[in-house]
Amino acid sequence: GTSITSGGTVILYTEGADVEEVVVPDLLGKNPEKVNSILSKCGLNILFKGAYNGDTDEPPISISQSIPEGTTVPKGTVIEIEFFYEGIIG
């Protein structure tokens, strides 16, 4: 099976059900809080990936997204976002 975090939402699609679709927004160059806010408003989910050095007040920025901007997907789709903290590699 697959685990989800406490308070997470599971969306189950059944055969013949009308599935609402949304357009994937541009998420590049944004911090995790902003990306999460944008995807939440669109009804999309996020999978965070990447490196972050928690020793700084500067948040990492998104450098890639698994589904390109402008793609139409079912509501509830998981978008993988890779983040990078510029201070990790000097």
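All values derive from a computational prediction rather than experimental measurement.
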Query raised in the report: Does the side chain of Val22 reach to within under 4.5 Å of the side chain of Leu44, using non-hydrogen atoms?
Result: yes

Query raised in the report: Apart from Val78 itself, what residues make up its hydrophobic cluster when side-chain heavy atoms of I, L, V, M, F, W and Y under 4.5 Å apart count as a link, directly or indirectly?
Result: Leu47

Report task. Check whether any side-chain heavy atom of Val24 sits under 4.5 Å from a side-chain heavy atom of Ile79, and report yes or no. Result -> yes

Requested in this report: Enumerate the residue pairs fulfilling ring-ring contact (aromatic ring centres under 6.0 Å, His included) with a member in residues 25-44, sequence neighbours excluded, ordered by first and then second residue.
Outcome: none

Requested in this report: Find out whether Ser37 and Val35 are in side-chain contact, i.e. whether some heavy atom of one side chain is under 4.5 Å from a heavy atom of the other.
Outcome: no

Requested in this report: Evaluate the side-chain proximity of Gln65 to Asp26: yes if any heavy-atom separation is below 4.5 Å, no if none is.
Outcome: yes

Report summary line: Taken to the nearest 0.5 Å, the spacing of Ser40 OG from Ile46 CD1 works out to 10.5 Å

**Report entry** Heavy-atom closest pair, residues Phe48 and Pro32
**Finding:** CE2-CB, 3.7 Å

Report task. Side-chain contact test, heavy atoms from C-beta onward, threshold under 4.5 Å: evaluate it for Thr77 versus Asn45 and give yes or no. Result -> no

Query raised in the report: How many angstroms lie between atom CD1 of Ile63 and atom NZ of Lys30, to the nearest 0.5 angstrom?
Result: 14.5 Å

Query raised in the report: If we only count heavy atoms from C-beta on, is the Leu27 to Ile38 side-chain gap below 4.5 Å?
Result: yes

Query raised in the report: Should the pair Glu80-Lys49 be classified as a salt bridge under the 4.0 Å nitrogen-to-oxygen rule?
Result: yes

Requested in this report: Could you tell me whether the side chain of Thr71 reaches within less than 4.5 Å of the side chain of Val23, counting heavy atoms only?
Outcome: no

Requested in this report: Please round to the nearest 0.5 Å and tell me the distance separating atom CD1 of Ile81 and atom CG of Leu39.
Outcome: 6.0 Å

**Report entry** Phe84 and Pro60, any side-chain heavy atoms less than 4.5 Å apart
**Finding:** no

